[in-house]
Amino acid sequence: MDPLLDFPLNPCVKGFPQDAPPLRLREVGEQGWNLFHGHLGSPVAVLRREVMDENARWMRDFLRRSGASLCPHGKTTLAPQLFHRQLQDGAWGLTLATPTQAQMAFHYGIPRVLLANEVVDAAALRGLSRTVDADSQRELWVFADSREAVEIMATHWCAEKPLNVLVETGIAGGRCGARSIAEAMDVARAVKASPKL
């Protein structure tokens, strides 16, 4: 995490005080800034350690009792420190929204990423392939809801290990997802037919 803590901050960074001089992330705690005294810009997220500790204890207990696997969404915070804490507390992996966010998570040591979208950008698929190949512990999971998306993934995924693809289901008139069981099965068969997926 040292490279992250040495990350330079300045007024171009969301939430950074507009009248503060640039500094490194590791120096923020020394500034004495207080949300309630107007030191920080908005919007801002506030995390209370005692609440996080209690939530983590509750979630660890829930996972132990239920046998469930949890892959919490990390797009709101994009904080690798919180990602690692969630993994330590029993999360199976981290869910992110974009290929760029997935690259960032892998860069900071998150081994398993679920992208909550289809990836049909050829360059993104090739880049993620290289990133997954760079570390044998890395796993990437994505969604597909059409044969066309599966074909794009199969064409541009070039990692040694296959891309993990989940079939996304939806409802008629909805934003995404296969609209029927027959469509979902067609997508699943297309995934199964590709040695790359």
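Computation of the quantities below employed the complete heavy-atom set of this structure, encompassing side-chain atoms and omitting hydrogens, waters and symmetry-equivalent molecules. In this chain, residues are counted from 1 in sequence order.
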Quiz item: In terms of hydrophobic clustering (I, L, V, M, F, W, Y; side-chain heavy atoms under 4.5 Å; direct or indirect links), are Trp92 and Leu94 co-clustered?
Solution: no
Quiz item: Is the closest side-chain heavy-atom distance between Glu30 and Glu27 below 4.5 Å?
Solution: yes
Quiz prompt | Minimum heavy-atom distance between Met153 and Phe143, given as atom pair plus value | solution = CE-O, 3.2 Å
Exercise. Drop me the distance from Leu96's CG to Gln103's CD, to the nearest 0.5 angstrom.
Key: 11.0 Å
Self-check item: side-chain contact (heavy atoms from CB on, under 4.5 Å) partner of Val46, the single match among Leu35, Val51, Leu40
Solution: Leu35
Quiz item: About how many Å separate CG of Leu140 and OG of Ser129, when rounded to the nearest 0.5 Å?
Solution: 8.5 Å
Self-check item: Non-neighbouring partners of Asp53 that pass side-chain hydrogen bond (donor to acceptor under 3.5 Å, both in side chains), sequence neighbours left out
Solution: Arg85
Practice problem: Could you tell me whether Glu160 atom CD has more than 12 heavy atoms of other residues or ligands within 6.0 Å of it? | Solution: no
Exercise. List the steps, then state whether side-chain contact (heavy atoms from CB on, under 4.5 Å) holds for Phe83 with Met104.
Key: CA-CA 11 Å; Phe83 295 175; Met104 184 270 294; 3.9 Å; yes
Quiz item: Do the side chains of Leu114 and Leu166 get nearer than 4.5 Å, heavy atoms only?
Solution: yes
Quiz item: Of all residues at least two apart in sequence or in a different chain, which pass the side-chain hydrogen bond (donor to acceptor under 3.5 Å, both in side chains) check with Asn55?
Solution: none
Quiz item: Which atom pair, heavy atoms only, marks the closest approach of Cys158 to Asp133?
Solution: O-OD2, 4.0 Å
Quiz item: Between Phe7 and Ile110, is there a shared hydrophobic cluster once you connect ILVMFWY residues whose side-chain heavy atoms come closer than 4.5 Å?
Solution: yes
Practice problem: Grab the two heavy atoms, one from Ala20 and one from Pro11, that are nearest each other, plus how far apart they are. | Solution: O-CG, 3.9 Å
Practice problem: Report, as yes or no, whether the 6.0 Å neighbourhood of atom CZ on Arg65 holds more than 12 heavy atoms from other residues, nucleotides or ligands. | Solution: yes
Quiz item: Are the side chain of Glu183 and the backbone of Arg179 linked by a donor-acceptor contact shorter than 3.5 Å?
Solution: yes
Self-check item: Distance in Å, Phe16 CZ paired with Leu9 CG, rounded so as to fall on 0.5 Å steps
Solution: 5.5 Å
Exercise. Decide yes or no for Val28 and Leu23: does some side-chain heavy atom of the first lie under 4.5 Å from some side-chain heavy atom of the second?
Key: yes
Quiz item: In the single-linkage hydrophobic clustering (I, L, V, M, F, W, Y; side-chain heavy atoms under 4.5 Å), do Leu128 and Leu78 co-cluster?
Solution: yes
Quiz item: Is the shortest heavy-atom distance from the side chain of Asn164 to the side chain of Val142 under 4.5 Å?
Solution: no
Quiz item: Do the side chains of Arg24 and Leu5 get nearer than 4.5 Å, heavy atoms only?
Solution: no
Quiz prompt | Side-chain heavy-atom pair Cys71, Thr95 within 4.5 angstrom cut-off | solution = yes
Quiz item: How many angstroms lie between CZ in Arg112 and CZ in Phe106, if you round to the nearest 0.5 Å?
Solution: 10.5 Å
Quiz item: If you measure from CZ on Arg189 to OG on Ser194, what distance do you get to the nearest 0.5 Å?
Solution: 15.5 Å
Quiz item: Do other residues, nucleotides or ligands put more than 12 heavy atoms under 6.0 Å from Lys161 NZ?
Solution: yes
Quiz item: So, Arg64 and Asp61, do they make that salt bridge, N to O below 4.0 Å?
Solution: yes
Quiz item: Of all heavy-atom pairs between Ala97 and Asn117, which one has the smallest distance, and what is that distance?
Solution: O-ND2, 2.6 Å
Practice problem: Check Pro111 against Leu87 and note the closest heavy-atom contact, atom names and distance. | Solution: CD-CD1, 3.8 Å
Quiz prompt | Validation row: Asp145, Glu118 side chains within 4.5 angstrom (heavy atoms) | solution = yes
Exercise. Could you go through the side-chain contact (heavy atoms from CB on, under 4.5 Å) check for Val113 and Trp141 one step at a time?
Key: CA-CA 6 Å; Val113 172; Trp141 296 72; over 6 Å; no
Quiz item: Is there a path from Trp58 to Leu70 through hydrophobic residues (I, L, V, M, F, W, Y) whose side chains come within less than 4.5 Å of each other?
Solution: yes
Quiz item: Taking the six-membered ring for Trp, are His39 and His37 parallel (under 30°), tilted (30 to 60°) or perpendicular (over 60°)?
Solution: perpendicular
Self-check item: For the student: nearest non-hydrogen atoms of Leu63 and Gly90, plus distance
Solution: CD1-O, 3.5 Å
Practice problem: Please examine the side chains of Glu168 and Cys176, heavy atoms only from C-beta on, and report whether any two atoms are closer than 4.5 Å. | Solution: yes
Self-check item: Gap between atom CD of Gln86 and atom CE of Met52 - 0.5 Å precision
Solution: 8.0 Å
